[in-house]
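Below is one structure; the comments refer to it alone.
Ligands are counted one by one from 1 in listed order, and the atoms in each one are counted from 1 as well. In this chain, numbering begins with 1 at the start of the sequence shown.
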Amino acid sequence: RVALQAQPAGPRGKFIIKIFKDRQIFYIGNKGNDMNVLVIGNGGREHAIVAALAKSPKVGKLYCMKGNAGIAELAECVNVDYMDNAAVGDWLDAHKDVEYTVIAPDDPLAAGLADELERRGHRVFGPDKRAAQIEASKSFAKSLMKKYGIPTAAYEVFDDYEKALGYVREGKFPVVLKADGLALGKGVLICEDLAAAEAGLKQIMLDRAFGAAGNKVVVEEFLTGKEFTPGEEVSVLTFTDGKTIVPMIPSCDHKRALDGDKGLNTGGMGTFTPCPFYDKEVADEVIGKILLPTVAAMNAEGCPFKGVLYCGLMRTPEGMKVVEYNSRFGDPETQVVLPMLKTDLLEIFEAVTDGRLADVKIEWEEGACVCVVLASGGYPQKYAKGKEITFDCPPGKDVFVYHAGTVRENGVLKTNGGRVLNICAKGKTVAEARAKAYDYIKCVHFEGMQYRTDIGIKYNAKG
Ligand code: AMP
Ligand code: GLY
């Protein structure tokens, strides 16, 4: 399925190798005035970023730290712990051919990897540690929104279990409990009654189920949707250099593990774009009341945000409200958004780094894209790794597979995480893309494979 083709020499006397894989063209190798790029991360989001960069004629060799079995087909995987800022810095210092680094996950951003690499003179895509607080501390994000009048659910913050309990006992149900820090998208508990809230507070604050993320807890009002229950949500990711914002196409995530939005919260079980309720009026409201004020607020607080700002929003009877901010691309939102990007991704990244995003025209394909996550049995709780993955047939036109938790051992592809593969498809409508993605899933097998069968049918999604 992979055909290699050498092209004539580029400007620096090097040659281009085009890989035709699954009917897509990726450029690998040196193409002259090209740039070698390191991507930090190892999930489906990073595979989508690496694939988008591999389509750029400006990108030379790609590296990924740590990568996975799918990424390894497009990039050289580097086995360095990206949570060790000094180790990443040392690797880049020793690899002078790598001129640009993209930090995709939240935890190295929160740990100040961008600061460390910039201090050593490397060019980086991703916010610094202070700006990354917008995701890493929910209490920081909530007080930012309160101070600058950005619409969000009413809340209180507690670092004392007894006080939190007292507050919850006096309040309304359902109530939402959120561990303050990073918890892989799992630190949010929606409690229907007092018993559940008491158990939840104990889990977060006393048992430390989410570790130090539970040093503080945010107790939040439960938001309801304008038309749907649970409320309708949209993920709006925006490129920003702190001066200009360029929102990406909106997408809808499915955070719960089971069909019908049942089960536990996960990192995300599937996504689709476009978002059915996101019309021009909603987009204008989001830009005017949320995106621009957030970027301005970060500037006013002395921690300008440069990178991808992710706003998880709910459409409520009072208008659009922020449910969460992230300081990075979403996973699996990126897997449906980047395939629709027509503009060169490296060009956008560099413009953000250099503070000239206003000069870049960013264009998107028409149509829809759907991503279904294939997860290990048991996810988001305990699950097994090391199960062999097999494909009966290659993906058809406009169907593509991003790897998340996979590894190749002695030539055998195996599961290596909770979310294993992302099966994505494009179509004229969400319905068409969804049909193609689910059709291909019939060809994919591993023991314990679990997925939602209803990705892309909420909010009356059609096209
Ligand atoms: P978060 O990690 O903050 O995005 O929360 C995970 C999910 O929990 C969200 O996508 C919502 O579906 C739900 N959620 C979080 N906060 C609220 C809220 N205040 N009201 C209703 N649902 C919420
Ligand atoms: N899909 C949700 C996230 O990336 O946080």
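- In terms of N/O distances under 3.5 Å, ligand 2 is not approached by G330.
- Neither the backbone nor the side chain of T224 comes within 4.0 Å of ligand 1, counting heavy atoms alone.
- Stacking of K414 on the aromatic ring of F446 is not recorded, the 6.0 Å distance cut-off and the 45° axial limit not both being met.
- Closest non-hydrogen pair, T406 versus N68, comes out as O-CB, 3.5 Å.
- With respect to the salt-bridge test (charged N to carboxylate O, under 4.0 angstrom), the residues K226 and E232 do not qualify.
- Using modelled atom types, one side-chain atom of K306 and one backbone atom of T353 make a donor-acceptor pair closer than 3.5 Å.
- With a heavy-atom cut-off of 4.0 Å, Q335 does not touch ligand 2 at all.
- Counting atoms of ligand 1 from 1 in the listed order, those under 4.0 Å from a heavy atom of N265 are 6 (C), 7 (C), 8 (O).
- At least one heavy atom of K138 sits less than 4.0 Å from an atom of ligand 1.
- Polar contact check, E324 against ligand 2: no nitrogen or oxygen pair lies under 3.5 Å apart.
- Both the backbone and the side chain of L223 come within 4.0 Å of ligand 1, counting heavy atoms alone.
- Counting heavy atoms closer than 4.0 Å to ligand 1, residue E221 contributes backbone atoms (N, CA, C, O) but none from C-beta onward.
- Looking only at side-chain heavy atoms (C-beta outward), M248 and V236 stay at 4.5 Å or farther from each other.
- For the pair K255 and ligand 2, the shortest N or O to N or O distance does not fall below 3.5 Å.
- Partners of C443 by disulfide bond (SG atoms under 2.5 Å apart), not counting sequence neighbours, listed by chain and number: C393.
- Of the listed options V323, L177, D253, V323 places a heavy atom closest to atom 15 (C) of ligand 1.
- Looking at E232, E233, E135, K255, it is E233 that brings a heavy atom closest to atom 12 (O) of ligand 1.
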